[in-house]
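Remember, it's 1-based here, ligands and their atoms both numbered in the order they're listed.
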Amino acid sequence: SYRKGGYHAVRVADTFAGGRYIAQRKLGWGQFSTVWLAYDSRTSKYVALKIQKSAPEFAQAAIHEIEVVSALTQNDPENKKCVIRLVDHFKHTGPNGRHFCMVFEFLGDSILQLIKYNRYKGLPLNRVKDICRCILTALDYIHRQLGIIHTDLKPENILLVSTINPSNDPIRSKTGPILSKPVGSMNNGGGCVVNAIEKKLKQRARRAVARITARRASLGGVRPVRKENRCLDGIDFRCKVVDFGNTCWDNRPKADEIQTRQYRAPEVILQSGYTYSADMWSFACTAFELATGEVMFAPKTGQNFSEDEDHLALMMEILGKIPRKIVIGGLRSKDYFNRYGDLKRIRRLKHVPLARLLTDKYKFSANDARELADFLIPILDFAPEKRPTAPQCLRHPWLNKSFESGVQKLDSEMSKLQIK
Ligand code: ATP
Ligand code: MG
Ligand code: MG
């Protein structure tokens with residue numbers, strides 16, 4: 001992909017925007033771009049520099065992403081809405097063409113990485129709730145205030161707010177920001193050497209964090225419940241929704257196919273039209289994955305059925321039969337269902353309600369399972385218009401019970417104090 005129309009090759013210490021940004025290390029990449037940690041010499045802060053592929057379709061996508069993220073940033077001056085912030089944008093010309101570049105605030109690992117670090121066992125429920133609150137705050141904001149559907153909500157697109165400034169990072173601080181061309185191995189082998197070093201650094205950093213948190217826990221007398229969750233105790237989780245490259249405006253023409261497979265809503269599969277509530281479906285799948293460590297629906301193509309059909313079958317196994325009105329409503333309905341509302345090619349579904357799945361397969365307590373199912377089932381309604389909205393979910397007891405009782409206690413104590 002490093003050819004004309006494709007990615008722009010970056011080396012550590014390359015500069016952008018007339019010397020303002022200095023490349024430090026690669027953070028990640030996607031279908032459209034590579035993303036680099038860069039040092040902003042004007043503000044002395046670290047930023048994430050997204051360098052788009054240069055072909056016209058990628059430039060078009062970048063223009064769209066810039067339009068959306070500018071609006072997100074401008075309408076949230078207090079930085080409270082849990083969405084990524086755009087710092088700057090410009091064009092950069094290189095051997096592969098002219099690349100749109102976006103400068104974002106620098107964030108941390110994605111919550112998909114968090115699930116991996118936790119060995120796919122699921123996160124502690126209080127952490128899941130923290131993350132859900134952030135995602136719902138973001139969805140409420142983009143849906144109601146901006147009229148935007150994200151269309152690609154998933155753990156990979158939720159990034160933790162980075163509390164570790166790279167300049168405070170014990171390993172990084174030895175070298176400081178790379179302001180000039182470094183000598184030796186970092187610079188001559190291209191990506192491989194840098195990646196190997198980065199891997200080592202990451203391993204060391206992770207071990208250090210685990211050691212420090214374990215020590216802190218033992219000092220504070222905190223007794224972690226599950227060993228795998230130790231690193232996550234006592235950390236106040238904040239995260240932000242990113243990757244607005246695929247978003248659409250609800251009132252403009254929309255693509256037929258949206259969302260990453262596992263997070264795709266039934267109305268998108270059936271092509272019966274979608275709106276903001278499609279994001280709510282992906283949100284529920286994401287919340288399930290955070291709590292259990294496993295993808296909620298992982299459809300596969302079979303010998304005589306398609307991935308779409310398997311997907312619908314998996315949904316019905318957990319959520320029950322799709323109501324007739326919904327079954328017949330889509331452009332694709334006749335491909336999958338007979339006139340009785342049963343799948344044509346997949347019979348004999350094993351119905352396992354969500355709460356039972358959570359206790360039997362994922363070893364939740366009966367109470368935890370019931371509460372989580374009570375939160376998720378309404379969001380996984382086959383009828384898009386019946387799903388609760390983001391602000392309605394934010395008011396659900398699952399996200400408020402312990403929190404509210406704490407706040408109420410404080411409130412009542414405050415009012416007593418004021419009366420006296
Ligand atoms: P996609 O194919 O997912 O649409 P893309 O080319 O649009 O990819 P992004 O998803 O925006 O690119 O970014 C690619 C990766 O770079 C992310 O998965 C993440 O690991 C990293 N990244 C992006 N933005 C930031 C940021 N602000 N801070 C830290 N890392 C980031
Ligand atoms: Mg992405
Ligand atoms: Mg993208």
Side-chain angles (χ1 to χ4, degrees), residues 1-2 5-8 10 21 23-40 43 45-55 57-70 72-73 76 79 81-89 96 99-117 134-135 138 142 148-167 169 172 191 194-195 198-199 202 205 238-248 255 257-263 279 282 286:
S1 299
Y2 285 95
Y7 294 125
H8 174 67
V10 177
Y21 305 104
Q24 308 283 310
R25 63 184 164 91
K26 203 193 238 178
L27 290 170
W29 64 92
Q31 287 174 45
F32 296 80
S33 66
T34 55
V35 179
W36 278 72
L37 175 70
Y39 181 70
D40 181 348
T43 61
K45 281 185 181 157
Y46 286 92
V47 291
L49 174 62
K50 176 167 177 168
I51 307 160
Q52 196 85 342
K53 289 179 182 171
S54 61
E57 65 268 32
F58 299 112
Q60 201 51 50
I63 292 169
H64 172 72
E65 188 166 355
I66 291 167
E67 185 188 355
V68 171
V69 194
S70 302
L72 293 180
T73 304
D76 175 26
N79 192 12
K81 302 296 187 189
C82 302
V83 291
I84 182 83
R85 291 183 88 71
L86 186 70
V87 176
D88 189 14
H89 62 90
N96 294 337
H99 305 262
F100 273 86
C101 297
M102 291 162 253
V103 183
F104 295 109
E105 63 176 322
F106 169 56
L107 298 173
D109 282 339
S110 78
I111 57 170
L112 180 63
Q113 284 159 308
L114 200 64
I115 294 170
K116 285 183 191 163
Y117 292 155
C134 292
I135 301 174
I142 68 167
I148 293 168
I149 312 171
H150 185 284
T151 77
D152 198 17
L153 199 72
K154 54 178 174 177
E156 199 187 320
N157 284 336
I158 318 290
L159 302 193
L160 292 169
V161 172
S162 172
T163 48
I164 304 174
N165 182 329
S167 59
D169 180 334
R172 271 264 148 226
V194 177
N195 279 345
E198 193 181 317
K199 236 187 188 159
K202 267 200 167 163
R238 286 225 304 125
C239 51
K240 290 194 165 199
V241 175
V242 305
D243 206 349
F244 287 81
N246 304 307
T247 50
C248 62
E257 195 174 280
I258 54 162
Q259 303 175 317
T260 299
R261 164 56 73 182
Q262 294 84 352
Y263 310 88
D279 279 345
S282 308
T286 300

K.L.:
Main chain of K50, side chain of S33: is a donor-acceptor contact present, judged purely on distance under 3.5 Å?
P.N.:
no
K.L.:
Tell me whether G108 has any N or O atom under 3.5 angstrom from an N or O of ligand 1.
P.N.:
no
K.L.:
S54 side chain to N96 main-chain N or O, any donor-acceptor pair under 3.5 Å?
P.N.:
yes
K.L.:
In terms of side-chain heavy atoms, does Y263 have a donor or acceptor partner in D152 at a distance below 3.5 Å?
P.N.:
no
K.L.:
Would you check whether K50 has a nitrogen or oxygen atom less than 3.5 angstrom from a nitrogen or oxygen atom of ligand 1?
P.N.:
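It does: an N or O of K50 is found under 3.5 Å from an N or O of ligand 1.
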K.L.:
Roughly how far, to the nearest 0.5 Å, is CG of N246 from CD1 of I258?
P.N.:
9.5 Å
K.L.:
Please report which non-hydrogen protein atom sits nearest to atom 15 (C) of ligand 1, along with the residue it belongs to and the distance in Å to one decimal place.
P.N.:
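Heavy-atom neighbour on the protein nearest atom 15 (C) of ligand 1: W29 N, 3.8 Å.
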K.L.:
Considering only protein heavy atoms, which is closest to atom 27 (N) of ligand 1, and at what distance to one decimal place?
P.N.:
E105 O, 2.9 Å
K.L.:
Classify the contact between A48 and ligand 1 as side chain, backbone, both or neither, using a heavy-atom distance cut-off of under 4.0 Å.
P.N.:
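Looking at A48 and ligand 1, just side chain atoms fall under 4.0 Å.
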K.L.:
Checking D279 side chain against T151 main chain: does a donor-acceptor pair fall under 3.5 Å?
P.N.:
yes
K.L.:
Name the closest protein heavy atom to atom 6 (O) of ligand 1, giving the residue it belongs to and the distance to 0.1 Å.
P.N.:
S33 OG, 2.7 Å
K.L.:
With T43, which residues qualify under side-chain hydrogen bond (donor to acceptor under 3.5 Å, both in side chains), at least two apart?
P.N.:
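Partners of T43 by the side-chain hydrogen bond (donor to acceptor under 3.5 Å, both in side chains) criterion, ordered by chain and then number, come out as D40.
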K.L.:
For atom 16 (O) of ligand 1, which candidate among L49, V35, T260, T34 holds the nearest heavy atom?
P.N.:
V35
K.L.:
Measure the distance from atom 2 (O) of ligand 1 to every protein heavy atom, then report the residue, atom name and distance (to 0.1 Å) of the closest one.
P.N.:
Q31 N, 2.9 Å
K.L.:
Which protein heavy atom lies closest to atom 20 (O) of ligand 1, and at what distance to 0.1 Å?
P.N.:
L27 O, 4.0 Å
K.L.:
Has R85 got a side-chain atom pairing as donor or acceptor with V69's backbone, closer than 3.5 angstrom?
P.N.:
no
K.L.:
With distance as the sole criterion, is a donor-acceptor pair present between the side chains of K240 and N157 under 3.5 Å?
P.N.:
no
K.L.:
Nearest 0.5 Å, please: how far is OG in S110 from CG in D243?
P.N.:
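Rounded to the nearest 0.5 Å, the CG-OG separation comes out at 11.5 Å.
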K.L.:
Does N246, backbone or side chain, put an N or O under 3.5 Å from an N or O of ligand 1?
P.N.:
no
K.L.:
At under 4.0 Å between heavy atoms, is it the side chain or the backbone of I84 that contacts ligand 1, or both, or neither?
P.N.:
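Side chain only.
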K.L.:
What about the rings of F244 and H150, do their centers lie closer together than 6.0 Å?
P.N.:
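For F244 and H150, the ring centres are under 6.0 Å apart.
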K.L.:
Would you say the ring centroid of Y46 lies under 6.0 angstrom from that of Y39?
P.N.:
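Yes, the ring of Y46 comes within the 6.0 Å limit of the ring of Y39, centre to centre.
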K.L.:
Mark yes or no for whether H99, through its side chain, and Q52, through its backbone, hold a donor-acceptor pair below 3.5 Å.
P.N.:
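Confirmed, H99 side chain pairs with Q52 backbone.
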K.L.:
Determine, considering heavy atoms only, which of L159, L160, L112, D243 sits nearest to atom 31 (C) of ligand 1.
P.N.:
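Of the listed residues, L159 has the closest heavy atom.
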K.L.:
Determine the interplanar angle of the Y7 and Y2 rings, folded into 0 to 90°, and report it as parallel if under 30°, tilted if 30 to 60°, perpendicular if over 60°.
P.N.:
tilted
K.L.:
Between H64 (side chain) and T247 (backbone), is there a donor-acceptor pair under 3.5 Å?
P.N.:
yes
K.L.:
Nearest protein heavy-atom contact for atom 28 (N) of ligand 1: which residue, which atom, what distance?
P.N.:
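For atom 28 (N) of ligand 1, the nearest protein heavy atom is L107 N, 2.9 Å.
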K.L.:
Which of the atoms in ligand 1, numbered in the order shown and given with their element, are less than 4.0 Å from a heavy-atom of F32?
P.N.:
4 (O), 6 (O), 7 (O)
K.L.:
Would you say ligand 1 has an N or O under 3.5 Å from any N or O of E65?
P.N.:
no
K.L.:
Grab the two heavy atoms, one from F58 and one from K53, that are nearest each other, plus how far apart they are.
P.N.:
CB-O, 3.3 Å
K.L.:
So is there a nitrogen or oxygen of F106 less than 3.5 Å from a nitrogen or oxygen in ligand 1?
P.N.:
no
K.L.:
Going by chain and residue number, what protein N/O/S atoms come nearer than 2.8 Å to the Mg ion (ligand 2)?
P.N.:
D243 OD2
K.L.:
Among all the protein's non-hydrogen atoms, which is closest to atom 8 (O) of ligand 1, and how far away is it?
P.N.:
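Among all protein heavy atoms, the one nearest atom 8 (O) of ligand 1 is G30 CA, 3.2 Å.
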K.L.:
Verify the contact flag for atom 25 (C) of ligand 1, where contact means a protein heavy atom under 4.0 Å away.
P.N.:
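Yes.
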